[in-house]
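Notes for the one structure printed next.
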Amino acid sequence: MTTFNEGNFDVIVIGAGHAGCEAALASARLGMNTVMLTLNLDSIAFMACNPSIGGTAKGHLVREIDALGGEMAVNADKTCLQIRMLNEGKGEAVQSLRCQCDKNAYHREMKRTLENTQNLHIVQGECKKILTRGGKVCGVETTYGGVFGAKAVIVATGVYLNAETVTGEHRQKSGPSGFAPANYLTKSLVKLGFNVRRFKTGTPARLDGRTVDYGSCIKQDGESGVPAFSFLTDGQPQNLRECYITYTNAETHGVILDNLDRSPLYNGEITSTGPRYCPSIETKVVRFKDKERHQIFLEPEGADTNEVYVQGMSSSMPHDIQKEMYRSVKGLENCEIMRYAYAIEYDCIDTLDILPTLEFKKVKNLYTAGQINGTSGYEEAAAQGLIAGINAAFKLSGRPPLVLGRDEAYIGVLIDDLVTKGTEEPYRMMTSRAEYAIALRQDTADFRLTEKIADTPLFTAERAKRFKERKDNFEEILTVLNGRANAEKAAEFSQKYGISGGVSGISYSDLIRRGAKIADICEHFEILSDKPQDIVKTCEATIKYEGYLNKNSAQIERFKKLEAKKLPPDINYSQINGLRLEAREKLERVRPLTLGQAGRISGVNPADVTVLMVYLATQK
């Protein structure tokens, strides 16, 4: 095929999903001449699964993306249909925002943002080959012969690489929701040295909401008084739509169990690895046979459509079985399916081949982000895209990379897990993965991270203003709470709310430590009514968990000492006496950058770390 020059750029982003959008925006906003290559302009920021943003641990990621100058939180606030705070009955560390978004509006708003971003060019086309010269990226070639020169390339292809959808006996080459797959790029990645594997994910049916009997379901309203995702958003998101809950039953389970021979998951048609924490309804029924029912959420896809997403019932069953299965559920007896459920298989890479910057170890200036890295979820993808975009731009600008520690951000946990431990299944972020979760609350994301971009164009004048306001309010509120309470009022408060111990000379902070709620304190003592209530709550949590945070600080200091001990890049682990065979193999595979990272590799135990410490001492 005849090739022709499409121009020279600083950064090329392949893909326009949630990872690609954040990568392209970050790169362009940091001054890089950027082109984003996408298979279809209509699939920009497309929500192929549930049109929701946030959720447990994922809400933390969205807040952190926002704190670092990303777009996902802003876009979610713009297109919100319903918002809630999950886990409100639990501690603040695990509380997370979750927003049901308008699917089509989310796409439109993100596309509009991309189109109006300086330094960013959007081109519809399929990448066929990544071009290199002297072990470094120099551009990409498209299927129509176009050659884009580039100093850095970010691969954010989502689930499109050699994608195939599977429904019952029917298999076809297709990306999500009928979009075309990317059929050529995998070959180029393998040639460059990537280790490629097959993963699977799936999605449930979409129903015509007019055919759902909502009166038979449990109504789930949004919440008022919860903050927006973005620290830049004024006011609180509105709740415009309701969601509903229903349940599967014995009939549903019977339909599934009687037809397992037609399920691609159980008849051998699908052999790739699926997500453990978001299984299909077939898997749930088979795996948890003792459960009489499974919870199903009915959630709107948008304000301009009747389509309803049936969360909890993803499936790859044939269409006739799907219809019988869905109609066995209470409230769905007469439902009409507008889009049938399907499973999708796709190529992704082994993330042990990439550095903590998300740069490929074998080719300089080549980055990967999102589901190609074996993750699942919009939020995980967007977080990686943002970091890849920042690091590509930083490297080309001669700046040190942005690598977040496990003690600094959920994004740090996510990326460290991928590049240190790898993943054998679609990776999902959970609060249990973060050992310093109390220090990583979603409400402190800007305090933890925003100063890291303070000397970059991502730190806009508006963000600087909002950040200073929040920080000033936080410090002022803490000063008030550390002040002494009126003795007479304190005695009344103690008696009214059952606060134990003496209250002479007590501070408001002491009352919080004894179990008093900030809302009761503010009302009784008539304080802080003029301050932002979300920051008042942040101060309450900071005081409440002060002891845990101090303990965390000691653990973090020990963690940082190990992270500070660099391992030589050319170290020969096979020649180090005392290392177990498994440890040698794992260390050679991962090539950790620090002693701390070495200790987190699966198969490397504390004794092996001690051997490495002794080795480093002798080398000095």
Side-chain angles (χ1 to χ4, degrees), residues 18-19 22-23 25-27 29-30 57-73 93 96 154 231 351 354-359 367-370 373 375 377 379-395 399-421 423 427 429-431 433-456 458-459 463 467 549 552-553 555-564 566 590 592-597 599-600:
H18 304 282
E22 295 293 350
L25 287 169
S27 170
R29 287 167 173 171
L30 288 168
K58 293 170 177 281
H60 292 69
L61 288 174
V62 180
R63 273 287 179 91
E64 291 175 357
I65 290 165
D66 185 70
L68 291 168
E71 194 67 22
M72 175 171 270
S96 296
I154 301 169
F231 296 107
T351 46
I354 60 176
L355 296 165
T357 58
L358 297 181
E359 185 179 11
Y367 299 79
T368 57
N373 283 346
T375 58
E379 302 83 1
E380 290 88 342
Q384 295 169 71
L386 176 66
I387 297 300
I390 289 174
N391 280 330
F394 277 9
K395 188 171 185 183
R399 292 176 56 115
L402 176 63
V403 176
L404 300 174
R406 299 180 71 89
D407 60 311
E408 295 179 299
Y410 271 85
I411 296 176
V413 175
L414 163 67
I415 294 176
D416 185 66
D417 278 351
L418 292 175
V419 304
T420 303
K421 303 174 184 178
T423 182
Y427 179 101
M429 193 70 246
M430 296 181 290
T431 53
R433 297 190 190 273
E435 52 269 68
Y436 309 115
I438 293 175
L440 303 181
R441 302 194 318 269
Q442 62 171 355
D443 57 318
T444 63
D446 58 336
F447 297 151
R448 289 185 276 115
L449 300 174
T450 295
E451 288 178 323
K452 292 182 181 295
I453 59 165
D455 61 342
T456 77
L458 296 173
F459 192 64
R463 186 171 293 279
F467 181 64
L549 290 169
N552 256 5
S553 296
Q555 293 173 337
I556 289 168
E557 284 307 309
R558 291 194 293 272
F559 164 79
K560 284 183 174 178
K561 286 180 181 178
L562 289 175
E563 290 300 309
K566 305 293 184 183
V590 177
L593 303 180
T594 68
L595 200 58
Q597 186 185 4
R600 294 191 297 278

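A quick note: this is a predicted structure, and the numbers were derived from the prediction, not measured. Position 1 is the first residue of the sequence; numbering continues from there.
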Is it true that the NZ or CZ of R63 lies under 6.0 Å from the centre of F231's six-membered ring and within 45 degrees of the ring axis?
->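 Satisfied, under 6.0 Å and within 45°.
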Looking at [X] and [Y], what are the two nearest heavy atoms and their distance?
X: N373; Y: T368; value: OD1-OG1, 2.8 Å
X: M429; Y: A57; value: O-CB, 3.7 Å
X: L593; Y: P356; value: CD1-CD, 3.7 Å
X: A23; Y: I154; value: CB-CD1, 4.0 Å

Go through the structure and list residues passing side chain to side chain contact (heavy atoms under 4.5 Å, CB included) with [X], not counting sequence neighbours.
X: Q555; answer: Y436, K551, N552, R558
X: E359; answer: L355, T357, K364, N365, Y367, K395
X: A382; answer: H18, E22, I65, M72
X: A393; answer: L30, M32

With sequence neighbours excluded, what pairs up with [X] under the salt bridge (Lys or Arg N to Asp or Glu O under 4.0 Å) test?
X: R600; answer: D416, E563
X: K560; answer: D407
X: R433; answer: none
X: D446; answer: R470

Residue pair L458 / I390, side-chain heavy-atom distance below 4.5 Å =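 Of all side-chain heavy-atom pairs linking I390 with L458, at least one is under 4.5 Å.
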With side chains defined as the heavy atoms from C-beta onward, is the minimum distance between L61 and E64 less than 4.5 Å?
->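 L61 reaches E64 side chain to side chain.
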First locate atom CD of E557, then atom CG of L562, and finally report the distance between them rounded to the nearest 0.5 Å.
->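 It is 11.5 Å, given to the nearest 0.5 Å.
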State which residues pass side chain to side chain donor-acceptor pair (under 3.5 Å) with T351; sequence neighbours excluded, sorted by chain then number.
->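 So T351 forms no side chain to side chain donor-acceptor pair (under 3.5 Å) with any residue.
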In chain order, what residues pass the side chain to side chain donor-acceptor pair (under 3.5 Å) check against D66, with sequence neighbours excluded?
->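 If we apply the side chain to side chain donor-acceptor pair (under 3.5 Å) test to D66, skipping adjacent residues, the hits are S230.
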Kindly write out the residues that satisfy ring pair (Phe, Tyr, Trp, His ring centres under 6.0 Å) with H60, not counting sequence neighbours, or none if the list is empty.
->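 Applying ring pair (Phe, Tyr, Trp, His ring centres under 6.0 Å) to H60 gives Y410.
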Please list all pairs passing the salt bridge (Lys or Arg N to Asp or Glu O under 4.0 Å) test where one or both residues lie in residues 379-388, with sequence neighbours left out.
->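 Salt bridge (Lys or Arg N to Asp or Glu O under 4.0 Å) check on residues 379-388 returns K58-E379, K58-E380.
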